[in-house]
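Working notes, beginning with the structure itself.
Here the structure is a predicted model, which means the values were calculated and not measured.
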Amino acid sequence: MPAAATLGGRVRAWWAGELAPEPGRVVLGQRRVYIVPTRLGWLFGATLGILLVGSINYALQLGFALTFLLAGMGLAAMVHTTRNLARLAVSAGRAEPVFAGEAAQFRLYLENPSPHDRPAILVRHAASGAQVVVDLAARSAAEAVLGVPAPRRGWLPLTRVTLETRFPLGLFRAWSYVRPDARCLVYPRPEASALPDAAPAADAGALRPQSRGNEDFSGLRAYQLQDSPRHVAWKAAARSDELLTKQFAGTAGAELWLDLAAVPRALGLEARVSRLAGWILAAERQGLRYGLRLPGLKLAPDQGDAHRAACLQALALYESR
Amino acid sequence: MSAAHPLAPEHRPVSNRELGALLVSLGLVVAPHAMRMPWWLALLVVALYAWRVAVALRLTPAPSRWLVLGIALLSIAAVYLEYRALFGRTTGIVLLALFSGLKLMEMRTHRDAAVVAFLCYFLVMTNLLYTQSIPTALLMGVALVAVTSTLVGLAAPRRPLRSNVATAGLLLAHAAPAALILFLLFPRVAGPLWALPQDAYSGLTGLSDTMSPGNLSLLAQSDAIAFRAEFDGDPPPPRERYWRGPVLWDFDGRTWRMGPGWTEPFEAPSGGGRYDYTVTLEPHNRTWLFTLEQVARLPLRSRYTNDGMVVSTSPVRSRLRYDAASIARPAPEPRESAASLRRALELPPAGNPRARALAERWRAASRSAAEIVSRALEFFRDSRLAYTLEPPLLGRDTVDEFLFDTRAGFCEHFASSFVFLLRAAGVPARVVTGYQGGEVNYVDRIITVRQSDAHAWAEVYLPGRGWVRADPTAAAVPGRVDSGLARSVPDGDPVPLLLRPQLEWLRAWRSNWEAVVHRWNVWVLGYGVDRQRDLMSRIGMRDADWRKLTAAMATVLGAFTLLLLAWSLRRLARPDPVQRAWLAFCRKLAARGVVRAPHEGPRDFAARAARRLPGAAPRILAVGELYLGARYGREPAPARVAELRRRVRELEIA
């Protein structure tokens with residue numbers, strides 16, 4: 001931020017094409033549509049040159065007509081290429097949170113308010129190279145989904161997006177930059193590791209019996225390594241080939257506190273956060289009630305999608321002071 | 001930045017649909033050339049295209065690069081064998097057509113396909129080297145739409161073909177005004193920039209500088225147009241339409257040749273019956289210009305020779321338009337050098353003894369040159385010589401055999417033997433070739449003179465009167481000069497189709513068509529240096545040189561482009577018809593004091609307006625419902641939109 005505030009920073013940002021995020025619906029005015037000839041366009045120009053020289057040399061009046069018709073078509077193509085982008089409206093939709101290492105799915109809505117179609121518009125995320133080609137019918141809208149890699153937890157803003165087209169003849173390339181105000185929440189990459197057992201640490205990461213109702217047996221599931229031997233259904237195991245673990249009603253009886261402090265500091269913050277994220281997923285899978293404790297933040301034990309999302313968000317945005 | 005750019009043509013493979021579009025375009029542009037090629041070369045081109053189709057349909061594997069290169073070398077060799085040359089207009093175009101097939105073979109991506117499309121544009125141009133007629137222009141238009149649709153298809157591969165053709169048409173329509181501006185204002189230069197290939201002007205027909213038995217009758221079987229003439233006022237009657245061309249002096253017993261003409265200062269003759277006219281001459285690659293006898297005003301950039309020919313300063317290689325004036329009844333001008341008169345009496349030392357004897361008898365019996373001439377004309381009138389387009393072949397003594405044995409010939413036989421007889425009788429005479437007659441187009445009153453009007457006649461020098469025209473054909477076959485060739489030759493002769501008198505309706509149609517063609521020739525194909533300067537001075541630009549023209553062109557073209565841009569962007573900004581109707585509705589209600597609040601939805605607003613204006617309530621509510629249906633319903637039906645617009649238009653609130 002402070003860098004952008006200085007004049008030099010602003011110039012650099014302008015040079016790099018960095019736009020401030022634009023909230024809402026962005027209409028591409030023709031002033032922000034740039035256009036240059038493509039390599040094919042130059043080749044077309046060279047062809048026109050040859051045709052013109054031939055017409056002059058042989059005094060071919062119909063040759064002049066042909067040459068000038070093609071030249072006029074080049075001009076018209078320039079206008080049509082500009083028009084294929086100009087006045088296009090771009091707005092960003094909601095991007096569902098993803099885990100670090102996955103691709104954030106940014107949705108862009110392109111609206112074509114004009115009475116002609118706009119084929120072959122490339123939507124390209126400049127930084128990642130994610131791209132998709134969209135064809136817009138007259139007076140219609142279409143959705144472009146950009147899969148942008150999300151390597152780190154936290155907010156992933158959608159940086160500059162290039163819209164480009166070469167329609168109708170491929171002689172010109174028109175493009176425009178937009179920076180929709182869209183961001184995607186990136187959860188930490190979950191580390192698959194065993195949930196902390198109740199025994200070793202009594203107050204952190206411990207399965208603490210809340211009530212005596214530990215024996216409210218509700219069913220069996222496959223044994224997992226971290227399951228306590230006390231819960232193994234030995235009788236059932238004797239009848240089958242595999243170990244089964246007893247599940248207890250509502251597991252409401254169990255409350256798990258997931259605490260950042262319980263993870264060894266030596267792992268580094270990112271790994272510790274990843275382990276907590278893995279625990280949250282595991283606890284949710286096992287239907288446990290779990291709470292999250294971070295320095296300065298405490299989420300009371302609960303379960304369900306909303307709680308899971310809140311916990312993961314807290315982890316995604318956690319920064320150590 | 002790592003992924004391939006999906007719009008970059010070099011990364012996109014050509015689909016079969018795109019190949020099909022390219023083949024259609026190539027077919028359209030190569031077909032006119034293929035008709036001029038030897039059949040086996042045309043077949044080779046078609047075979048290459050067919051092979052590419054087979055590769056696309058996976059009937060045969062794609063040929064290797066080496067095979068393609070080998071075929072390229074073989075085709076070059078084949079073209080060389082056929083034409084014995086590799087450089088030249090025709091060979092160049094044949095090679096281009098062959099290479100278009102080879103380029104298809106190695107075509108992989110959209111970039112290659114676009115290069116082939118550009119090659120198509122180039123091939124359209126090369127066809128214009130041969131013909132620039134109206135049908136050619138129409139074919140060119142069709143080919144342009146096809147090639148351009150192909151290019152559009154490359155830029156938008158998922159679009160239906162019909163939309164691509166529509167886009168191509170729209171592009172060409174938008175291009176037309178710019179093309180017109182450029183066409184009118186691009187500075188024209190006279191003459192080629194560099195030497196043209198030797199075969200550039202082959203195939204132009206017309207009179208030659210020699211005349212031997214049979215060559216004029218061959219020319220006369222052509223329907224091709226020699227020139228057109230527009231008269232200020234009434235044209236002369238057919239029998240006075242002698243369009244004078246090359247004058248032939250020297251005879252070797254078979255062939256007449258031009259004399260060593262030299263330029264003389266032109267003095268306009270005096271006399272009556274003046275005609276002013278403009279001639280549009282088709283290119284014939286010779287210097288002579290055709291004027292009515294006897295020319296009274298020379299065209300620009302032309303000279304006058306001692307034997308009365310009007311010659312241009314350079315060969316006529318493109319359609320030339322010139323103004324001239326002539327006098328039908330010139331005053332006598334008995335002036336001629338002794339050397340010329342001696343030349344006009346020369347004959348081969350031997351041959352044609354019977355003709356010489358006849359001439360000798362006339363000379364003995366006559367008291368003056370004029371009497372000998374009238375005896376000769378009488379002889380032609382009375383000898384019952386047949387006038388035919390298919391004259392029998394003649395041997396060594398051409399004059400004797402024609403006059404006394406075969407007794408059938410075309411005007412070159414008549415003129416040749418007539419001049420021979422007069423020279424043998426001691427009267428100076430020369431052969432004049434040119435055109436006689438021409439047909440008046442009743443649509444635009446322009447006289448069209450064709451190669452079939454080619455004619456040869458004689459001029460004799462009479463003391464006290466100078467050179468006088470004498471036409472032995474007119475004496476023998478009077479119909480020739482009054483009603484043209486078709487009515488003068490016997491039935492069964494191969495008269496050009498359109499000259500046959502039975503086809504009146506066809507001739508009427510042709511008159512209309514040729515009036516159009518003439519305007520095309522004058523205004524489109526004849527738009528050269530002179531015509532451009534003329535037009536520019538008419539719209540107020542004096543002395544239009546290339547600087548002024550270029551400046552004007554840049555200005556007008558720039559303005560046009562900006563206008564086109566502004567117009568198409570304005571159209572973009574315009575709301576759609578449903579929205580426009582709704583805004584009009586809101587304006588109407590606002591005029592009655594019911595202003596829509598920004599937060600107010602259509603339904604609430606209509607309800608409030610209906611309460612405020614109870615007289616119009618049902619109509620207001622109906623518009624509100626229609627708008628909601630059209631705006632938020634699925635896929636508004638055009639009829640509903642039309643009804644909404646109609647109701648808004650008709651909404652009158654008392």
Review point. Where do A:L88 and A:L136 land on the side-chain contact (heavy atoms from CB on, under 4.5 Å) test, with the steps shown first?
Key: CA-CA 10 Å; A:L88 193 68; A:L136 280 165; 3.4 Å; yes
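- Interface summary for chain A: among B:L154, B:L180, B:L171, B:L151, the most heavy-atom pairs under 4.5 angstrom belong to B:L171.
- The residue among A:A77, A:G63, A:A59 with the most heavy atom pairs within less than 4.5 Å of chain B is A:G63.
- With chain A as the partner, the residue from B:F186, B:F122, B:F560 showing the most heavy-atom pairs under 4.5 Å is B:F186.
- A perpendicular orientation is assigned to the rings of B:F183 and A:F68, their planes being inclined by more than 60° (bins at 30° and 60°).
- Proximity to chain B involves both the backbone and the side chain of A:P168, based on heavy atoms less than 4.5 angstrom apart.
- Proximity to chain A is limited to the side chain of B:M140, based on heavy atoms less than 4.5 angstrom apart.
- Remark: A:W155 CH2 is packed, more than 12 non-hydrogen atoms of other residues, nucleotides or ligands lying under 6.0 Å away.
- Salt-bridge formation is not detected for the pair A:E191/A:R189: no Lys NZ or Arg NE/NH1/NH2 atom is positioned less than 4.0 Å from an Asp or Glu carboxylate oxygen.
- With a threshold of 4.5 angstrom between heavy atoms, A:L70 approaches chain B through side-chain atoms but not through N, CA, C or O.
- A salt bridge links A:E270 and A:R153; the closest N-O separation between the charged side-chain nitrogens and carboxylate oxygens is under 4.0 Å.
- When B:A178, B:A114, B:A155 are compared by the number of non-hydrogen pairs under 4.5 Å with chain A, B:A155 comes out ahead.
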Check your understanding: Where do B:L22 and B:E18 land on the side-chain contact (heavy atoms from CB on, under 4.5 Å) test, with the steps shown first?
Key -> CA-CA 6 Å; B:L22 263 184; B:E18 289 150 4; over 6 Å; no
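- For B:S133, the part sitting under 4.5 Å from any heavy atom of chain A is the backbone (N, CA, C, O) and nothing else.
- For the set A:L171, A:L52, A:V132, the count of heavy-atom pairs under 4.5 angstrom toward chain B peaks at A:L52.
- Heavy atoms closer than 4.5 Å to chain A are found nowhere in B:W523, neither backbone nor side chain.
- Only the side chain of A:L75 comes within contact range of chain B, with heavy atoms under 4.5 Å apart.
- The most heavy-atom pairs under 4.5 Å with chain B, out of A:G170, A:A65, A:A71, A:A130, come from A:A65.
- For A:R118 (side chain) and A:A86 (main-chain N/O), a donor-acceptor pair under 3.5 Å exists by modelled atom type.
- Dense packing is recorded around CZ of B:R321, with more than 12 heavy atoms of other residues, nucleotides or ligands lying under 6.0 Å away.
- Looking at heavy atoms from C-beta onward, A:R83 lies out of side-chain contact with A:S114 at the 4.5 angstrom threshold.
- Most heavy-atom pairs under 4.5 Å with chain B: of the set A:T47, A:T165, A:V27, A:V133, this distinction falls to A:V133.
- Under a 3.5 Å cut-off, the side chain of B:R12 and the backbone N or O of B:P6 do form a donor-acceptor pair.
- Proximity to chain B (any heavy atom under 4.5 Å) is shown, for A:R173, by neither the backbone nor the side chain.
- Comparing A:L51, A:L62, A:L122, A:T38 by how many heavy-atom pairs each has under 4.5 Å with chain B, the most go to A:L62.
- With a 4.5 angstrom heavy-atom cutoff, B:T148 touches chain A via backbone and side-chain atoms both.
- For chain B, the nearby part of A:I50 is the side chain; its heavy atoms alone come within less than 4.5 Å.
- Side chain of A:N112 to backbone of A:D117: no donor-acceptor contact under 3.5 angstrom is found.
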